[in-house]
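Worksheet: the structure to be examined is printed underneath.
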Number of protein chains: 2
Amino acid sequence: MEKPLSPRSAAKRTAMLDAAQACFLESGYASTSVDEVATRAGVSKATIYAHFASKDDLFGAIICRRCDDQAEGLSSLSLPDSSDARTILTAIAQRLMALFVSPEVMGIYRIVIAEAPRYPELAKTWYEAGPLRGKQRLCDVFDDMKRRGLLDFDDTRRTVDAFVGMLRGECFHRVMIELPPNPHFSAEATIETAVNFALKAFAPTA
Amino acid sequence: MEKPLSPRSAAKRTAMLDAAQACFLESGYASTSVDEVATRAGVSKATIYAHFASKDDLFGAIICRRCDDQAEGLSSLSLPDSSDARTILTAIAQRLMALFVSPEVMGIYRIVIAEAPRYPELAKTWYEAGPLRGKQRLCDVFDDMKRRGLLDFDDTRRTVDAFVGMLRGECFHRVMIELPPNPHFSAEATIETAVNFALKAFAPTA
DNA sequence: GTCTATAGAGCGATAGAC
DNA sequence: GTCTATCGCTCTATAGAC
């Protein structure tokens with residue numbers, strides 16, 4: 001399956017993928033032209049078609065590469081070694097929020113949502129490699145906190161789902177549709193509200 | 001500002017808007033051709049350009065019409081006349097969830113997100129007419145519940161934001177990217193989890 | 001106002017030289 | 001593998017008849 005590429009080819013391939021990613025995330029799939037990608041990558045259009053069968057194929061390669069990055073980023077995510085529920089939940093929420101509103105993640109999120117009806121397999125690949133794997137990891141953390149008596153809840157997956165959902169509020173939406181931020185719904189305020197909420201709802205019955 | 005249209009023209013205009021909405025929500029902005037809209041509306045392309053200055057203009061007209069519909073739909077939303085917090089919160093959550101996953105709302109949500117970077121004013125108009133107005137209405141309901149001693153919380157807007165966010169979890173995302181539903185994250189289960197959490201976190205200190 | 005017909009530009013993809 | 005040049009198609013938008 002692996003074909004040994006010359007160093008020169010590999011570099012061009014990376015340049016093409018980088019350029020394509022930037023174009024797709026900026027302008028969406030349909031509005032991006034292969035000419036534009038070629039120019040940005042410093043190669044000719046024919047070179048792109050020597051590496052990728054079609055524009056669709058190039059698009060798929062981008063999403064898959066992003067999925068690999070996501071998987072890597074998640075496994076290197078470290079949490080504070082604390083025995084205070086608030087400290088741990090706040091750290092989790094801060095990392096999640098920073099991830100959600102980062103330009104790269106936001107860009108891929110936008111385009112996957114937009115193109116999901118026409119690329120269902122790509123959307124599935126992305127969702128399983130990113131959000132689903134991330135939530136699985138959070139489940140492990142929550143289960144561990146439960147075991148240590150820091151939290152109490154019934155269904156781990158639903159609990160995590162609700163906690164993560166609380167971070168996708170006004171603040172997140174404003175970034176997503178590029179509206180100016182509302183100070184009342186800053187990232188910090190959203191995180192604090194979610195953590196307070198979770199601590200009250202999941203506090204162990206003393 | 002109002003130009004009196006002949007009944008025949010008005011009918012054609014509505015047909016064009018309906019067709020355009022269906023096309024845009026199905027295929028996205030860039031992938032929809034004016035020819036397609038014209039065929040679906042049963043008019044010629046030139047007729048479309050007689051009513052709308054450009055494809056952009058047509059797109060804007062669609063979003064604005066949807067905003068009006070949203071505003072209307074919200075004001076007619078009625079809630080049960082109950083004194084039980086769970087009953088009210090469940091009713092709210094059910095209506096919100098049904099709204100979120102409905103094809104029309106989901107379609108407009110997808111396209112606004114996708115095109116927001118290129119149509120910031122449209123995104124702002126939509127956001128203020130829909131989600132923002134809806135949340136304002138929810139704030140009134142929550143304030144009323146607090147006044148009646150059914151709930152207790154500090155900041156109404158942040159509380160509502162968190163509550164609504166919990167409904168945008170796995171279930172919502174699966175609909176959004178057209179993945180098969182996961183029975184463990186049914187709409188009912190998501191609603192129940194959110195309501196249970198809210199009741200625990202906002203229970204009045206007896 | 002509404003139609004048919006077409007202009008004019010840009011697109012994805014390919015042929016062929018090197 | 002990479003380039004230049006180009007094909008064939010589709011697109012938005014308009015001109016002109018009715």
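Chain identifiers are assigned alphabetically (A, B, ...) following the order of the sequence lines, protein sequences preceding nucleic acid strands; residue numbering begins at 1 within each chain. Values reported hereafter were calculated over all heavy atoms of this structure, with side chains retained and with hydrogens, waters and symmetry mates removed.
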Would you kindly say whether B:Ser44 and B:Thr47 are connected by a side-chain donor-acceptor distance under 3.5 Å?
-> yes
* Asked: When you check the phosphate oxygens OP1 and OP2 of C:dG1, does a side-chain N or O of B:Thr47 lie under 4.0 Å from one of them?
  -> no
With the side chain defined as heavy atoms from C-beta on, A:Val43 is closest, among D:dC3, D:dT2, C:dA13, to D:dC3
Out of D:dG1, C:dA13, C:dT2, minimum distance to the side chain of A:Lys55 belongs to C:dA13
On a heavy-atom basis, the closest approach of B:Ala201 and A:Lys200 is O-CD, 3.2 Å
Expected list for residues 14-42 of chain A near DNA chain C, using heavy atoms below 4.0 Å, is A:Thr32, A:Ser33, A:Val34
With sequence neighbours left out, the residues meeting ring-ring contact (aromatic ring centres under 6.0 Å, His included) with B:Phe59 are B:Phe24, B:Tyr29, B:Tyr119
B:Glu104 with B:Arg66: basic N within carboxylate O range, under 4.0 Å:
yes
Measuring to OP1 and OP2 of C:dT2, would you say a side-chain N or O of B:Ser9 lies under 4.0 angstrom away? yes
The residue among B:Phe202, B:Phe197, B:Phe163 that forms ring pair (Phe, Tyr, Trp, His ring centres under 6.0 Å) with A:Phe197 is B:Phe202
By side-chain contact (heavy atoms from CB on, under 4.5 Å), A:Lys146 pairs with (sequence neighbours left out) A:Asp152, A:Phe153
B:Asp56 atom CG is separated from D:dC11 atom P, nearest whole Å, by 17 Å
Rounded to whole Å, the CG-P distance (A:Leu58 to C:dA13) equals 10 Å
Taken in chain and number order and not counting sequence neighbours, the residues that satisfy side chain to side chain donor-acceptor pair (under 3.5 Å) with A:Glu26 are A:Arg40
Enumerate all atom pairs, one protein N or O and one N or O from nucleotides 14-18 of chain D, separated by less than 3.5 Å.
none

B:Arg95 meets the side-chain contact (heavy atoms from CB on, under 4.5 Å) criterion, sequence neighbours left out, with B:Leu77, B:Leu79, B:Ala91
Per atom distances to the A:Ser44 side chain, the nearest of C:dT2, C:dA13, D:dC3 is D:dC3
To the nearest angstrom, the CG-P distance between A:Asp57 and C:dG12 comes to 14 Å
Can you confirm if the aromatic rings of A:Tyr109 and A:Phe100 lie within a centre distance of less than 6.0 Å? no
